[in-house]
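This report concerns only the one structure given below.
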There are 2 protein chains.
Amino acid sequence: MLDVLQRPVDRLDPLDRQIIGCLTRDARATYAVIGDEVGLSAPAVKRRVDRLVADGVIRGFTALVDPEVLGWTTEAYVEVFWEGTPSPLELRRSLGEVPEVVGAWSVTGSADALVHILAADIPHLEEAIERLRQQPNVHQTRSEVVLSRLIDRARP
Amino acid sequence: MLDVLQRPVDRLDPLDRQIIGCLTRDARATYAVIGDEVGLSAPAVKRRVDRLVADGVIRGFTALVDPEVLGWTTEAYVEVFWEGTPSPLELRRSLGEVPEVVGAWSVTGSADALVHILAADIPHLEEAIERLRQQPNVHQTRSEVVLSRLIDRARP
DNA sequence: AGTGAAAGACTGTGGTG
DNA sequence: CACCACAGTCTTTCACT
């Protein structure tokens, strides 16, 4: 009863967590291998994975690609300052207009949003930030260009 | 000649890029399906994927998990200010001591590093930042707690 | 480097406790 | 909810182009 109020986390048992652990380490692991590791048969693992995907616990599977190889060597975090008090929806729509924006979060502190930008090089980055500044209501930006990637841990 | 000077990107032909595209969209896609999409047989796709993994172009495959479901609902970006001029190696060692740190980058601007922290809740976050501040040479921190995730695009 | 064929492994469904 | 069994599919190797 009252399933809508039950947070999804409550539906994850230790087996689910172990399976998620296996898949975050190697998304191409076979159900049989995962089953060996968690002590389940392959069909049982498949049913759980299907359920986790259907429930939105697992949003998808992706390959981790070395960004340098793709030629996107330039990265920056940009604090965005807004005129007035924008709704998350407005922010999402406005920031989403710039394709180089790969991540964005509304944050506490003086800035309204923190935006993660990937670009091919410095001129490309500069141009992307310029387009960001031209979005309606964007008042000011403060950029920190990434010099080197120190840590990039997969999910816990 | 002079292969060491050749950037890895130069070794990627359009077929490789298409295959990488398929795998970033769905890391569990079968070789046969990828082959259909890019116009290659399954064995040919497998050989290319194996080579991309061996060369480090593809660093691995992972599941995208909804962080809220795991109970890590609290997220912050923390600017770290250092005493003196630390090497990237020192930074990596020092920041890596705090397990809640899931990402870290050395950056331009007044801060020395930008650190991404995931925690279960605000007390947990506070404790993690406290441990960060106690690392040798960490002089000051400035935190921005994430209120909401606006955009989280998969790779470009 | 790619193809096609073949053996073995894996997936995915249906039946059962 | 998990297991077993089985039919269909996929992976992976090998010989050939």
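These numbers come from a predicted model, not from an experiment. Chain A is the first sequence line, chain B the second, and so forth, proteins listed ahead of strands; every chain is numbered from 1.
Here side-chain hydrogen bond (donor to acceptor under 3.5 Å, both in side chains) pairs that include residues 31-42 of chain B, with residues two or more places apart or in two chains, are B/Arg25-B/Glu37.
Of the residues listed (A/Val145, A/Val101, A/Leu125, A/Ile117), the one engaging A/Val78 in a side chain to side chain contact (heavy atoms under 4.5 Å, CB included) is A/Ile117, and it is the only one.
By the side chain to side chain donor-acceptor pair (under 3.5 Å) test, A/Glu79 is found to be paired with A/Arg142, B/Arg142, residues two or more places apart in sequence or in another chain being considered. Residues satisfying the side chain to side chain donor-acceptor pair (under 3.5 Å) test with B/Ser106, not counting sequence neighbours, are A/Ser148. For A/Ala120, the side-chain contact (heavy atoms from CB on, under 4.5 Å) partners at least two apart in sequence or on another chain are A/His124. Under the rule for a ring-ring contact (aromatic ring centres under 6.0 Å, His included), the partners of A/Tyr77 that lie at least two apart in sequence or sit in another chain are A/His116, B/Tyr77, B/Trp105. A/His139 meets the ring-ring contact (aromatic ring centres under 6.0 Å, His included) test with no other residue; sequence neighbours excluded. Residues passing the side chain to side chain donor-acceptor pair (under 3.5 Å) test with B/Arg133 are B/Thr141, sequence neighbours excluded.
Within residues 27-37 of chain A, the residues having any heavy atom under 4.0 Å from DNA chain C are, by residue number, A/Thr30, A/Tyr31, A/Ala32.
Look at NZ on B/Lys46: it is 17 Å from C1' on C/dA5, rounded to the nearest Å.
Looking only at atom types and distance, the side chain of B/Glu68 has no donor-acceptor partner in the side chain of B/Thr73 under 3.5 Å away.
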Please write out each protein N/O paired with an N/O of nucleotides 2-4 of chain D under 3.5 Å, distance rounded to 0.1 Å.
| from | atom 1 | to | atom 2 | distance (Å) |
| --- | --- | --- | --- | --- |
| D/dA2 | OP1 | A/Arg48 | NE | 3.1 |
| D/dA2 | OP1 | A/Arg48 | NH2 | 2.3 |
| D/dC3 | OP2 | A/Ser41 | N | 3.1 |
| D/dC3 | OP2 | A/Ser41 | OG | 2.7 |
| D/dC3 | N4 | A/Arg47 | NH1 | 2.9 |

Are any protein N/O atoms closer than 3.5 Å to N/O atoms in nucleotides 7-9 of chain D? If there are, list each pair with its distance.
none

Show the atom names and distances, to 0.1 Å, of all donor-acceptor pairs under 3.5 Å that link a side chain in residues 80-91 of chain B to residues at least two apart or in another chain.
| from | atom 1 | to | atom 2 | distance (Å) |
| --- | --- | --- | --- | --- |
| B/Ser87 | OG | B/Glu90 | N | 3.1 |
| B/Glu90 | OE1 | B/Ser87 | N | 3.1 |

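Inter-axis angle, ends of the helix from C/dA1-D/dT17 to C/dG17-D/dC1, five pairs per end, rounded to 10 degrees: 30°.
For A/Gln140, the CD atom sits in a packed shell: over 12 heavy atoms of surrounding residues, nucleotides or ligands are nearer than 6.0 Å.
No continuous path of ILVMFWY side-chain contacts below 4.5 Å connects B/Val115 to B/Val102, so the two sit in separate hydrophobic clusters.
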